[in-house]
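A quick write-up on the structure given underneath.
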Amino acid sequence: MPTDRLTVVVAAYNEAESLPVLHPRIVAALEALDGIEPRMLYVDDGSTDATWRVLCDIAFADPRVTLLRLSRNFGKEAALTAGLDQVTDGAALILDADGQDPPELVGAFVAKWREGYDDVHGTRIARAGDGWLRRATAHAFYRLIGRLSKTPVPADTGDFRLLSPRALDALRQLRERHRFMKGLFGWVGYRSVAVPYERDGRIAGDSKFNLWRLWNFALEGITSFSTAPLRLATYLGLLTALVAFGYGMWIVVKALFWGDPVAGWPTMMSVILFLGGVQLIALGLIGEYLGRLYDEAKQRPLYLVDETRPAPADAQRA
Ligand code: UDP
Ligand code: MG
């Protein structure tokens, strides 16, 4: 049986406590597979705790481990991109560093890959360790983005997935700065399949995504994959103009028939304030898109690498 290389890509931000527990689980899960040549790639996304030291110990003990340290915290999406950019041979499996995505499922993922699927993603049927508010907002978000986005974004599906070499190649071509990875995976297309799983609680520490960060993440997703809000602004404007026209007619008719003893301060104020509000909302919407366009236009790299291990020179000598 020919061996296929499979690289587990893990983005880690302040996960010093989880990684020593997670790594042996990943190794055990990968070694249990037939015909798979396992590799592990950890991306330290500018951690401020002992994550890098922990990772160096892991890499020192296991030559199949590669490390990447970014120059600062770029966020999960950029860290994952940095990791996936390195996987030029074989498939990649994306896993959270906190143990919420069980590596023990890798066998099921690989089986689907062997059946010919390019994007095997884990779909959560339960979310242990997440509060009701978190679950409710996540649920609402997936429904909304599923409606708005033209490319499919499977519900209740995170970044936990296996990507075939051709899906990886395709993903590498998408260099946009605002990276809503769930949408990008969907954009790539090819053959995808869901593997249902129960999401565990974190091994240690707290989630890096509080509600405010999640809200921004949702905005990112919607603006990256849909221009529906812009259209909404158009319709809102049309509707307001229509109402304003009707109301204007009514004022003229009223003045013609009954005269106009200059009153109506309350009506005037409410109309002015209403129109001001509608205009600001529409401007804000345009601003959201314009700001993102500005970031894209700058063409900055998506991330900067501070250090890799083994260092490229060592790898050449080996
Ligand atoms: N993460 C990262 N950079 C960040 C924030 C998070 O690489 O700026 C990693 C984090 O270490 C973890 C994964 O992204 O492996 C998911 O983060 P978290 O568990 O905080 O999110 P949640 O599971 O609560 O959605
Ligand atoms: Mg987590």
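Just follow the structure's listing: the first ligand is 1, and inside any ligand the first atom is 1.
Backbone and side-chain nitrogen or oxygen atoms of A97 are examined, and one is located within less than 3.5 angstrom of a nitrogen or oxygen of ligand 1.
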### Message
Run D169 and R172 through salt bridge (Lys or Arg N to Asp or Glu O under 4.0 Å) and show every step you take.
### Response
CA-CA 5 Å; D169 266 345; R172 261 193 290 275; 2.9 Å; yes

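For atom 20 (O) of ligand 1, the closest non-hydrogen atom of the protein is K208 N, 2.5 Å. Closest to atom 16 (C) of ligand 1, if we only count protein heavy atoms, is D96 OD2, 3.4 Å. Closest protein heavy atom to atom 24 (O) of ligand 1: S207 OG, 2.6 Å. When only non-hydrogen protein atoms are considered, atom 25 (O) of ligand 1 lies nearest to R134 NH2, 2.9 Å. At the top of the distance list for atom 18 (P) of ligand 1, counting protein heavy atoms only, stands R202 NH2, 3.4 Å. The nearest protein atom to atom 3 (N) of ligand 1, hydrogens excluded, is given as D45 OD2, 2.6 Å; this is a heavy-atom distance. Closest protein heavy atom to atom 8 (O) of ligand 1: N73 ND2, 3.1 Å. Looking only at heavy atoms of the protein, atom 21 (O) of ligand 1 is closest to F209 CD1, 3.2 Å.
Ligand 1 lies nowhere less than 4.0 angstrom from a heavy atom belonging to E77.
For the pair K298 and Y294, the cation-pi criterion (under 6.0 Å, within 45° of the ring axis) is fulfilled.
Using a cutoff of 4.0 Å between basic side-chain nitrogens and carboxylate oxygens, K76 and D159 are scored as salt-bridged. Checked for salt-bridge contact, R161 and D119 meet the test: a charged N lies under 4.0 Å from a carboxylate O. Using a 4.0 Å cut-off between charged nitrogen and carboxylate oxygen, R177 and D295 do not count as a salt-bridge pair. Note on D85 versus R175: salt bridge recorded, some NZ/NE/NH1/NH2 to OD/OE distance being below 4.0 Å.
Evaluation of the side chain to side chain donor-acceptor pair (under 3.5 Å) rule for R64 yields E31, D62 as partners, not counting sequence neighbours.
For the 3.5 Å distance criterion, the side chains of D45 and Y303 fail to qualify, holding no donor opposite an acceptor. Between the side chains of T157 and T123, at least one donor N or O sits under 3.5 Å from an acceptor N or O.
Residue contacts with ligand 1 for E15 involve side-chain atoms from C-beta outward but no N, CA, C or O (heavy atoms, distance under 4.0 Å).
A side-chain donor-acceptor contact under 3.5 Å links R191 to the backbone of G116. R292 places a side-chain N or O within 3.5 Å of a backbone atom of E288 that can act as its donor or acceptor partner.
Ring geometry for F217 versus F141: interplanar angle of 30 to 60°, hence tilted.
Around the Mg ion (ligand 2), protein atoms of type N, O or S found under 2.8 Å number 2.
For ligand 1 and A11, the ligand atoms under 4.0 Å from any heavy atom of the residue are 7 (O), 9 (C), 10 (C), 11 (O), 12 (C), 15 (O).
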